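Since we're looking at a predicted model, the values are computed, not measured. We're numbering straight along the sequence, starting at 1.
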Amino acid sequence: FRAGIDVDTVAVTYVGFACILVLMAVARWKIETSYRLLYLELEANSDVVMAERVKRFQAELRCERMTCNETQRDDSADALSWCASSTFAFHNVPAKVGDAAGNELDKMATLGRKEHWYIDSKHLTLSPDCVLGSGGFGVVVAGSFVGSPVAVKLARGK
């Protein structure tokens with residue numbers, strides 16, 4: 001060694017550095033182990049949560065089918081709102097336009113307002129010059145719904 005450098009000081013420095021490296025490696029190993037355990041716990045719980053959601057969905061579907069099948073399926077708006085299912089509303093719309101179709105469309109609009117899927121045209125702004133796409137059914141244009149950008153599908157006229 002060079003003059004003025006104590007061998008003991010160098011040895012203590014190397015031992016201190018080695019201890020710091022070992023402590024860092026152990027800390028990293030503990031952190032990675034805890035991450036693995038958390039991941040495994042989350043993965044196990046996600047299966048339980050997903051299974052519970054599937055069971056809840058199946059139970060709600062069975063309950064709705066039983067309730068709606070027990071209800072008299074007549075043309076009254078009360079039966080539609082009691083079942084709270086828009087499936088029956090769309091199923092009952094006649095193919096031809098007329099008074100019957102108008103009545104069914106009114107019932108559908110009432111149900112849509114109740115279930116919050118009916119959009120009032122005063123909240124919708126279309127941009128017909130901004131065509132996003134087209135297909136066999138119609139044209140998709142840009143628009144905005146209550147200030148949020150949306151895509152609107154417009155049916156082709158027959």
Side-chain angles (χ1 to χ4, degrees), residues 19-158:
C19 287
I20 290 173
L21 285 176
V22 168
L23 288 174
M24 288 174 54
V26 168
R28 182 177 175 106
W29 177 78
K30 284 187 174 186
I31 289 172
E32 288 178 355
T33 302
S34 65
Y35 280 158
R36 284 188 198 114
L37 290 174
L38 282 172
Y39 174 77
L40 292 174
E41 183 180 338
L42 287 174
E43 187 178 37
N45 288 340
S46 69
D47 291 342
V48 171
V49 170
M50 185 59 73
E52 287 177 5
R53 287 182 179 174
V54 168
K55 287 179 183 177
R56 185 179 302 129
F57 169 76
Q58 290 171 342
E60 289 174 357
L61 183 63
R62 276 194 306 257
C63 182
E64 181 179 347
R65 284 183 179 166
M66 286 177 11
T67 305
C68 290
N69 287 339
E70 291 172 1
T71 306
Q72 289 182 345
R73 288 186 49 199
D74 59 4
D75 292 336
S76 68
D78 293 336
L80 292 175
S81 62
W82 196 80
C83 276
S85 173
S86 52
T87 304
F88 294 127
F90 287 103
H91 179 72
N92 291 333
V93 175
K96 295 184 179 179
V97 177
D99 290 338
N103 291 338
E104 289 299 324
L105 291 174
D106 288 340
K107 290 177 191 175
M108 287 173 50
T110 302
L111 181 63
R113 285 186 197 94
K114 183 178 178 183
E115 292 182 354
H116 304 291
W117 52 261
Y118 179 82
I119 297 174
D120 195 351
S121 61
K122 68 181 176 184
H123 299 294
L124 184 65
T125 305
L126 299 178
S127 301
D129 56 328
C130 185
V131 176
L132 301 175
S134 63
F137 176 77
V139 178
V140 179
V141 298
S144 67
F145 177 67
V146 192
S148 297
V150 294
V152 181
K153 185 182 281 190
L154 303 172
R156 290 193 196 277
K158 291 185 177 184

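Partner of Arg28 under the side chain to side chain contact (heavy atoms under 4.5 Å, CB included) criterion, chosen from Met24, Lys30, Glu32: Glu32.
For the atom pair Tyr118 OH and Leu111 CG, the distance stands at 12.5 Å (nearest 0.5 Å). Between the OH atom in Tyr39 and the OG atom in Ser34 there is a gap of 15.5 Å [rounded to 0.5 Å]. Taking CG of Leu40 as the reference point, atom OH of Tyr35 lies at 15.0 Å (rounded to 0.5 Å).
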Listed pairs under 3.5 Å, donor-acceptor, residues 122-134 side chains, sequence neighbours left out:
none

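Contact detail for Val140 and Ala151: the closest heavy-atom pair is CG1-CB, 3.8 Å.
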